[in-house]
Amino acid sequence: MEAPGGLVLRRWRAGDARAVASAFADPLMRGQSAEPVDCVPAAERWTAAREDRWAAGSAYSFAVVDGADAVLGQVCVGPVDRRHGTGWVSYWTTAAARGRGVASHACRALARWAFDDAGLFRLELGHRVNNPASCRVARAAGFAVEGRQRQKLAYEGVRYDVELHARLATDPEPAAR
């Protein structure tokens, strides 16, 4: 699916493993996966897991690529709760794509897809409070701040508060930037 800024959201492919391994080699990305993605075989397992979750209907992950099909990041909605029509949104970008609006454009497109095609009503996301860039992405994609979870996450022995955001299918589309 097309997204603003000349971006395309598409399903992950096995051939994306090298790009995924490269993305997770970035120090900012190393702790962002439940399992380490520190080599191409681990990245192959990571991409296969995205496909398995899609097939199960539990999560929908999209590679965010440019016009040349170069991987710039990921947007995902999952886990999905069909009973309540909710999903958790996550995103990341490669180091080269950061600061260019890639994540916010992709999150806007993902939200529209989740509401229109996946039939969800409420999307939620959270970010560490010491990550202002992620907060800017959430706000630019139309996610309103709803609260804070104290000391929810732990990275390398340090606990972090998480700011919660949500967007409803009935919310207005965010203004284009």
Point-to-point distance, once rounded to the nearest 0.5 Å, from CG of L9 to SG of C76: 11.0 Å

same_hphob_cluster(V80, F121) at 4.5 Å side-chain heavy-atom cutoff: no

Hydrophobic cluster identity match, W92 and Y160, side-chain contacts under 4.5 Å: no

Hydrophobic cluster membership, L164 vs L125, 4.5 Å side-chain cutoff: no

Joint hydrophobic cluster, V77 plus V8, side-chain heavy atoms closer than 4.5 Å: no

Non-hydrogen side-chain atoms of F115 and L123 separated by less than 4.5 Å: yes

Shortest non-hydrogen contact from H105 toward P4: ND1-CB, 3.4 Å

V71 side chain near R10 side chain, heavy-atom distance below 4.5 Å: yes

Any donor-acceptor N/O pair, R18 side chain to A43 backbone, under 3.5 Å: no

Exercise: identify the closest heavy-atom pair between R108 and A141: CG-CA, 3.7 Å

Could you give the side-chain donor-acceptor pairs of residues 96-103 under 3.5 Å, partners two or more places apart or in another chain?
{"unit_1": "R98", "atom_1": "NE", "unit_2": "T93", "atom_2": "O", "d": "3.3"}
{"unit_1": "R98", "atom_1": "NH1", "unit_2": "D26", "atom_2": "OD2", "d": "2.8"}
{"unit_1": "R98", "atom_1": "NH2", "unit_2": "D26", "atom_2": "OD2", "d": "2.8"}
{"unit_1": "R98", "atom_1": "NH2", "unit_2": "T93", "atom_2": "O", "d": "3.0"}
{"unit_1": "R100", "atom_1": "NH1", "unit_2": "A96", "atom_2": "O", "d": "3.1"}

Nearest non-hydrogen partners of G142 and D171, listed with the distance: O-OD2, 4.5 Å

Qualifying side-chain hydrogen bond (donor to acceptor under 3.5 Å, both in side chains) pairs, either residue in residues 36-53, two or more places apart: R11-E51

Closest non-hydrogen atom pair between G126 and W88, with its separation: N-CZ2, 3.1 Å

Side chains of Y91 and S104, donor plus acceptor under 3.5 Å: no

Single-linkage hydrophobic cluster V20~L7, side-chain heavy atoms < 4.5 angstrom: no

Step-by-step side-chain contact (heavy atoms from CB on, under 4.5 Å) determination, F62 to L110: CA-CA 8 Å; F62 293 89; L110 174 74; 3.7 Å; yes

Considering all heavy atoms, the nearest H165-A138 contact: ND1-CB, 3.7 Å

P174 and R167, any side-chain heavy atoms less than 4.5 Å apart: yes

Side-chain heavy-atom pair Q74, S61 within 4.5 angstrom cut-off: yes

Plane angle bin for Y60 and W54 - parallel if under 30°, tilted between 30 and 60°, otherwise perpendicular: perpendicular

L120 and R82, any side-chain heavy atoms less than 4.5 Å apart: yes

Any pair counted as salt bridge (charged side-chain N to carboxylate O under 4.0 Å, His left out), so long as it reaches residues 152-165, sequence neighbours left out: R148-D161

Pairwise side-chain contact, V145 with R139, heavy-atom cut-off 4.5 Å (strictly under): yes

V37 to S33 - nearest heavy-atom pair and separation: CG2-OG, 3.7 Å

F24 side, atom CZ; T94 side, atom OG1 - distance, nearest 0.5 Å: 11.5 Å

